[in-house]
There are 2 protein chains.
Amino acid sequence: MTAAEQKPDSRGRLSATDWEQAALEVLAQGGVAAVAVESLARTLGVTKGSFYWHFPTREALLKAAIDRWEQRDEDQVIAHVERIADPRERLRELFQRVSREVQSHLVYAALLQASDHPLVQPVIERISRRRLALLTAAYAEAGFEPRAARHRARLAYTAYSGFLQLNQRHGMPRMDQEEYQAYIDHVIETLVPA
Amino acid sequence: MTAAEQKPDSRGRLSATDWEQAALEVLAQGGVAAVAVESLARTLGVTKGSFYWHFPTREALLKAAIDRWEQRDEDQVIAHVERIADPRERLRELFQRVSREVQSHLVYAALLQASDHPLVQPVIERISRRRLALLTAAYAEAGFEPRAARHRARLAYTAYSGFLQLNQRHGMPRMDQEEYQAYIDHVIETLVPA
DNA sequence: TCGTGACCATACGCTCAAGTATGGAGCCAG
DNA sequence: CTGGCTCCATACTTGAGCGTATGGTCACGA
């Protein structure tokens, strides 16, 4: 209902960008395996013939879509958060952001699940390194020793990805909105120095 | 080198248990997708003909292997840890255990990655509930309010699975043994009350 | 020794999704 | 109005895995 009407330029024709957008949507929903060309074509109202005009292969689409997501993520998270002066406040903002910007985190969760895929492995590695460095820097600025900053950053980051892992489309008793906010508060209390 | 010689009863013949064991090994290594009958048959030195005598289908093998693992896990973790009286000591022991018993955790990590598989989903759900309950109880005994105990348990558990996620066969700068131990200490310090 | 049953090999068939080949509809420049 | 470019449909081929059909071998008991 949300992927059907993409952005027909004038009369139903599609562009490569349309495919990437749709790919990201089903990626967030059904994981990497759900990014199948015939299935995608159906949701876009066309057939494979269209796809293979825009992309040489399925991998190419996957790569393009993931690259696009990574770029957007870089801009949003890094830029908007890195300018917060106080490191404690910066850390709090980071944790809070998980609840908003759902789509982006869903994509990240999907990529985590497919981290053995040769195409996403380097992406996960880059993202991990970047976010870990961001956290480490924040903790260091907040007064942690270098070693302790690294450890606390790692703990925070693993808690983040573990949280994503255990929340989408499977196990774990669901939390309602209030319980969720209380949990976030607890995490901040525990992992961010007063 | 480790999966080739399983346990030929007398002369090269295999049993259903041998297949389950081998399945667990490649499951820990290559994930659920790596549990393929023809591939497994090759590593065991036989052909599919053998497999389909012991099991009606691939799913059956997967289920049997996972059940076996879950049973062993139940015995090892739950039984050996639950008898520790002091809740703080119990929590420390839990964290320490992640470094030993590597195989078991590797299987869990593989299952996490395939948590959308209809066969794996209920397993993950059960395991999650059990371990979460275990942690929650320990924190409650250690003096946490019920709500805080739940939150802290969830934080610890997500940190655990996130840690697994980001360490096997992909991303994240590797830690050496000493750094790893220091990290565990930091986690215990942070998440376990003094 | 004979035959029965446990275990395995060989050779198929079936399905699904990726990729290919080719042609057709619409539009725009000349 | 015509040729060419863009975007798409239809109909194929191909490869990987699962599952099936059928027969062979070896051990062991009667």
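Scope of the values below: all heavy atoms of this structure, side chains included, with no hydrogens, waters or symmetry mates. Lettering of chains follows the sequences in order, A, B, ..., and the numbering in each one begins at 1.
- Taking atom CD of residue B:Glu38 and atom P of nucleotide D:dA16, one finds them 10 Å apart after rounding to whole Å.
- Scanning for ring-ring contact (aromatic ring centres under 6.0 Å, His included) contacts around A:Phe51 gives A:Trp19, A:Phe55, with sequence neighbours left out.
- Atoms CG (A:Leu14) and C1' (D:dA9) sit 14 Å apart, rounded to a whole Å.
- Between A:Glu178 and B:Arg147 there is a salt bridge, since at least one side-chain N of the basic residue sits less than 4.0 Å from a carboxylate O of the acidic one.
- Using a 4.0 Å cut-off between charged nitrogen and carboxylate oxygen, B:Arg90 and B:Glu93 do not count as a salt-bridge pair.
- Remark: A:Ala159 pairs with B:Leu155, B:Thr158, B:Ala159 by the side chain to side chain contact (heavy atoms under 4.5 Å, CB included) rule, at least two apart or across chains.
- The stretch residues 39-59 of chain B participates, sequence neighbours left out, in these salt bridge (charged side-chain N to carboxylate O under 4.0 Å, His left out) pairs: B:Glu38-B:Lys48.
- Between A:Lys48 atom NZ and D:dC7 atom P the separation is 20 Å, expressed in whole Å.
- In this structure B:Tyr139 satisfies the ring-ring contact (aromatic ring centres under 6.0 Å, His included) test together with B:Phe144, sequence neighbours excluded.
- Remark: P of D:dG17 and CG of B:Leu61 are 16 Å apart, rounded to the nearest angstrom.
- Defining each end axis of the helix from C:dT1-D:dA30 to C:dG30-D:dC1 as the rotation carrying four pairs' C1' atoms onto the next four, with five pairs an end, the two axes are found to diverge by 20° to 10 degrees.
- Scanning for ring-ring contact (aromatic ring centres under 6.0 Å, His included) contacts around B:Tyr180 gives B:Phe163, with sequence neighbours left out.
- Scanning residues 49-58 of chain B for heavy-atom distances under 4.0 Å to DNA chain D yields B:Tyr52, B:Thr57, B:Arg58.
- Applying the ring-ring contact (aromatic ring centres under 6.0 Å, His included) test to B:His117 and every residue at least two apart in sequence or in another chain returns nothing.
- When the side chain to side chain donor-acceptor pair (under 3.5 Å) test is applied to B:Glu20, the partners found at least two apart in sequence or on another chain are B:Arg68.
- Summarising the geometry, the separation between CG on A:Leu119 and C1' on C:dA18 is reported as 16 Å, rounded to the nearest angstrom.
- Atom C1' of nucleotide D:dA16 and atom CZ of B:Arg42 are separated by 11 Å, given to the nearest angstrom.
- With D:dA9, D:dT6, C:dC8 as the candidates, the nucleotide lying closest to the side chain of A:Val46 is D:dA9.
- One atom, CG of B:Asp18, and another, C1' of C:dA6, lie 14 Å apart when rounded to the nearest Å.
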